[in-house]
Amino acid sequence: MVYWIDMKRYNPKEIEPKWQQIWRETNVYTANLASDKPKYFAFGMFNYPSGNLHVGHAMNFTISDVKSRFKRQQGFESYHPVGWDSFGLPAENYAIKKGISPQESMAQLIPDYQEKYQKMGWSDDWEKEITTSEPEYYKWTQWIFVKMHEHGLVYQDSRWQWWCTKCQTVLANEQVIDGKCWRHDGKDDLIVEKKEVKQWFFKITEYADELLEAVDALDWTESVKLAQKNWIGKSQGAEVMFEVAGSKETITVFTTRPDTLFGATFMVLAPDHALVREITTPDKLDEVEAYIKATAKKTEVERQASKEKTGVYLGVNAINPINGQEIPVYIADYVLSGYGTGAIMAVPAHDERDNAFAKAFDIPIVQVVDSADNSSVQDFYSGYGIAVHSGPYDGLTSKKAGQKIVDDLANKHLAIQKTNYKMRDWSISRQRYWGAPIPVVNCPDCGPVVLKEDQLPVVLPELTDFKPSGDGRSALARAKDWLITTCPDCGKTAERETDTMDTYVDSSWYMMRYLDPQNQSQIFDSNVANQWMPVNFYNGGDHATAHLLYARFITRFFSKIGLLDNPEPFKQMLYNGKVIAKDGTAFSKTLGNGPDPLEIIEQGYGADALRTYLMFAAPLELGARWDPQGVPGAHRFLSRLWNIVQEYIEAPAVELATDQSKKILLIVHKATKKVTDDIEGNRFNTAIAACMEAVNKLYLLKTELPFGQNNVWLEAFEALAMLVGPFAPHIADELWQLLGHSDSIQRDHWPIVDTQYLQVDTFTLVVQVNGKVRAQLSLASDVTKEQALEAAKADSHVQEFINGKDVKKEIYIPGKLVNLVV
RNA sequence: GCGGAUGUGGUGGAAUUGGUAGACACGCUAGCCUUAGGAGCUAGUGCCGCAAGGCGUGAAGGUUCAAGUCCUUUCAUCCGCACCA
């Protein structure tokens, strides 16, 4: 009873560094990629080393670490890789802020992370570490550009793009948040503007259909799958040509509702549509120019904020091809140049936005779909119905009318069936220094020449001044020694491309490089990659769309060119929630107001308690609400486990009767089953709860049974050490050692469920009368229905409720309950 | 606006196919113990009620012997996307 007084207290500060050192020295986490064992490849989304290790990192990487450790303990060859997504704007901005070069800042940041990763107790394989900003890596990022080009998937084009004056770079749409640059979204930061920029594109749209079709089969968080589908945004429809009256020009629109063509009473072009200046009548030009200018300043947020529709009549009409009617042509900011053809036929009777515009500009509204007498409910809700006021098409269903209208116009070359995608090609150009140089030489005679594989890598020169050049080009424009080269085709003096690649390119193929990080002659060895791909488990709390889509695109490309068998990169993807503050607000990286994981560890709670709390706090998909009492609570649990094992070790040998052993083994095997199933199913919180419950029950049992050295008690504590291993690996190894083992628990040690110990002799039968619980009876497991009902009715308390009444119905659920209806 | 979730004690959250609502933990209360600690141990802790009992999973209906779970309506919060033609 008082053993604990002499016992060694649980001291993570002592055992955690000890095991971290042993793990390092014995390379337990070094994966043998050629192993014959079943393989498991798991990791969290690539770390961007832009500052400190925060609690979000702790959350993300512990999740994949738990999965990885679980499989490793189960006997898998488990590979939990580690690397740095070190190129990119945040790193460059950080370096500017610190007044050092990005190379130097990485040289400082990465070792700091390395140390902290080890203190978190993650089972990272440091032998295969990769860094995207090293030439050994980005040579192959450039190689992808070359290969993409070879396969016709690269082109150069000018586009209106979001432009951040602070970053001096183009922003992707997804990088514009609330009208501001994603990295400069503070109160004082300016709203970004649009600027026409020449840039390089990857033709991801060519893969749109297959990327879409493959989504359903993925074992991914459903909301992420949906986001993928919405991002691709496939829609079926038609392109219809409208001649401009008194001009040779034609306006092409995309519509999903060609059946409403008779209701098109005006047209709208996006303000930056190429035809606007061509067709506007001279008297309207000033007004149009002013509107274009005003729109360019506006953000999409501002455009949407105003419910009132604005626009300008161009002074010309277009001819509706279906009925020859002249309809006015406008520009309006509610039409976007980035979608479809950047022009619409407006049908105010059947589109809310068109309707608002028509009302504001006093344009006729013609109903052409009668949805009143719909036969199908589905049609009714989708706005479909029977064509009216549509000439020869009257009476047809919307679907048939649309089809016939397109067919008829197609015969006159005025329409064509068309599938449209919301997804646009991937702009990979960045006018930034800190990225992989795009492997192109711009020759005055030959134009842009893409380099050959043997001319790679194009090494990024180290610059002292790496701020953007200010002319829209990157700092590389100033590195004359590097910039000036000879054309590989004609040998004349030429300049290198000064754009660098989007970091999303770096992070879209790293999972394969993890499998062959030192390969000098190939991007990776396909034989090895095919053994390990797709990644078994991938998780993160960000980048639900772009990164995952790009990774899928690149992987699919590799598969097409014969580098990989499987076209999908991630078999399972868990989109985990974030760690948020107690008041429900987000921890801000910029404010740095989150709890510091290392501080918590150093305080004496240890990494095991931190990890256990994070995994216990909530289901992974929900994310954890940070509770300052949480880590102490987890520490308390680990202490209890520690103490009972200590007590066991110091106690003398005891004998246990069979029924006593069974009590212990029931607890252990029940917990083993629960923890095994729950980790498999990513329900870490209930897995940990099961461990806690088992420990609590063993504490109770130790007071009622002989407690001390005995194989059954030993089995119980060994099992618990193994079960907590994925969450609290240090204490697991320490307990394992204290229980007499000389090997590490980390590989091939996971308890097996023996179902014979799950059998119980008695169970609790719940007795309800009219659905209300009136008694709980302990009965033998093999009780018959008759016996159970008899016992239920015989209970004195139940008697009070059924006495003198007619039992009209008897419900019996074997092993669970009886419900008597009176 | 559209799409997706989520609503359960003071708090985070548990609850196979509908079958004991509140596991596990935090917090709180009381007691014990002591090397007085960031301890540890034991008991209690949904609400009302002395009790018997009643009420209780955002709200309102419904199906059922039985509903957190299924159906209908509705409210709130959060997250995506955003004038997508």
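Since we're looking at a predicted model, the values are computed, not measured. All chains are named by letter (A, B, ...) in the order of the sequence lines, taking the proteins before the strands, and each is independently numbered beginning at 1.
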Sugar-phosphate, base or nothing in reach of [X], heavy atoms under 4.0 Å:
X: A:Y605; value: base
X: A:E222; value: nothing
X: A:D354; value: nothing
X: A:R683; value: nothing
X: A:A227; value: nothing
X: A:K234; value: nothing

Please state the [atom1] separation for the pair [N] and [M] - nearest whole angstrom.
N: B:U17; M: B:G56; atom1: P; answer: 25 Å
N: B:C84; M: B:U8; atom1: C1'; answer: 39 Å
N: B:A23; M: B:G46; atom1: C1'; answer: 14 Å
N: B:C28; M: B:U11; atom1: P; answer: 15 Å
N: B:A15; M: B:U57; atom1: C1'; answer: 11 Å
N: B:G12; M: B:G58; atom1: P; answer: 13 Å
N: B:G7; M: B:U16; atom1: P; answer: 13 Å
N: B:A66; M: B:G19; atom1: P; answer: 14 Å

Calculate the interatomic distance between [X] atom [atom1] and [N] atom [atom2]; express it in whole Å.
X: A:E621; N: B:C78; atom1: CD; atom2: C1'; value: 15 Å
X: A:L641; N: B:G40; atom1: CG; atom2: P; value: 15 Å
X: A:N230; N: B:C2; atom1: CG; atom2: P; value: 15 Å
X: A:K578; N: B:U6; atom1: NZ; atom2: P; value: 17 Å
X: A:K422; N: B:C83; atom1: NZ; atom2: C1'; value: 12 Å
X: A:L638; N: B:G40; atom1: CG; atom2: P; value: 12 Å
X: A:K225; N: B:A5; atom1: NZ; atom2: P; value: 12 Å
X: A:L622; N: B:C79; atom1: CG; atom2: C1'; value: 12 Å

Quiz item: Are A:Y10 and A:H635 close enough that their ring centers fall under 6.0 Å?
Solution: yes
Can you figure out which of [options] approaches the side chain of [X] most closely?
X: A:Y334; options: B:G54, B:G13, B:C83; answer: B:C83
X: A:F616; options: B:C55, B:A85, B:C24; answer: B:C24
X: A:L226; options: B:A15, B:G40, B:G3; answer: B:G3
X: A:D333; options: B:C83, B:G53, B:G40; answer: B:C83
X: A:A689; options: B:C24, B:C65, B:C55; answer: B:C24

Quiz item: Does some side-chain heavy atom of A:L765 sit less than 4.5 Å from a side-chain heavy atom of A:V818?
Solution: yes
Self-check item: Heavy-atom pair of closest approach, residues A:P328 and A:T265
Solution: CD-O, 3.4 Å
Quiz item: Between A:L269 and A:A343, what is the shortest heavy-atom contact and its length?
Solution: CD2-CB, 3.3 Å
Quiz item: Want to settle it: does A:T255 or A:Q629 sit nearer the 5' end of RNA chain B, counting the closest nucleotide to each?
Solution: A:Q629
Quiz item: Starting at the 5' end of RNA chain B, which residue's closest nucleotide do you reach first, A:P619 or A:E800?
Solution: A:P619
Does [N] have a Watson-Crick or wobble mate here (both distances under 3.5 Å), and if so which one?
N: B:A52; result: none
N: B:G3; result: B:C79
N: B:U69; result: none
N: B:A21; result: none
N: B:A43; result: B:U29
N: B:U64; result: none

side-chain N/O [X] vs [N] OP1/OP2, d < 4.0 Å:
X: A:N420; N: B:C84; value: no
X: A:H635; N: B:G37; value: no
X: A:R636; N: B:G27; value: yes

Quiz item: Do the ring planes of A:F357 and A:F361 sit parallel (below 30°), tilted (30 to 60°) or perpendicular (above 60°)?
Solution: parallel
Quiz prompt | Audit row: A:T205, A:D425, side chain to side chain donor-acceptor pair (under 3.5 Å) steps and yes/no | solution = CA-CA 6 Å; A:T205 51; A:D425 279 332; 2.6 Å; yes
Quiz item: Could you state the interatomic distance from OG1 (A:T310) to CG (A:D333), rounded to the nearest 0.5 Å?
Solution: 4.0 Å
Quiz prompt | Verdict with supporting geometry, A:N696 and A:R640, side chain to side chain donor-acceptor pair (under 3.5 Å) | solution = CA-CA 9 Å; A:N696 290 345; A:R640 276 167 65 79; 2.8 Å; yes
Quiz item: Is B:G9 syn or is it anti, if syn means the base angle is within 90 degrees of 0?
Solution: syn
Quiz prompt | Derivation of the side chain to side chain donor-acceptor pair (under 3.5 Å) call for A:Q228 and A:R552 | solution = CA-CA 11 Å; A:Q228 296 268 301; A:R552 294 182 61 217; 3.0 Å; yes
Quiz item: Hey, mind stepping through A:Y334 and A:D354 against side chain to side chain donor-acceptor pair (under 3.5 Å) and telling me if it holds?
Solution: CA-CA 9 Å; A:Y334 79 92; A:D354 297 346; 2.8 Å; yes
Self-check item: NZ/NE/NH1/NH2 to OD/OE distance under 4.0 Å, A:K785 and A:E810
Solution: no
Quiz prompt | Cation-pi, A:F727 ring and A:R611 (6.0 angstrom, 45 degrees) | solution = no
Quiz item: Using a cut-off of 4.0 Å between protein heavy atoms and nucleotide atoms, how would you tag nucleotides 42-48 of chain B 5' to 3' with B, S and -?
Solution: -------
Exercise. Determine, for nucleotides 16-22 of chain B in 5'-to-3' order, which nucleotides have protein heavy atoms under 4.0 Å from the base (write B), from only the sugar-phosphate (write S), or from neither (write -).
Key: -B-BB--
Self-check item: Option among A:T221, A:N539, A:N682 that satisfies the side-chain hydrogen bond (donor to acceptor under 3.5 Å, both in side chains) test with A:N576
Solution: A:N539
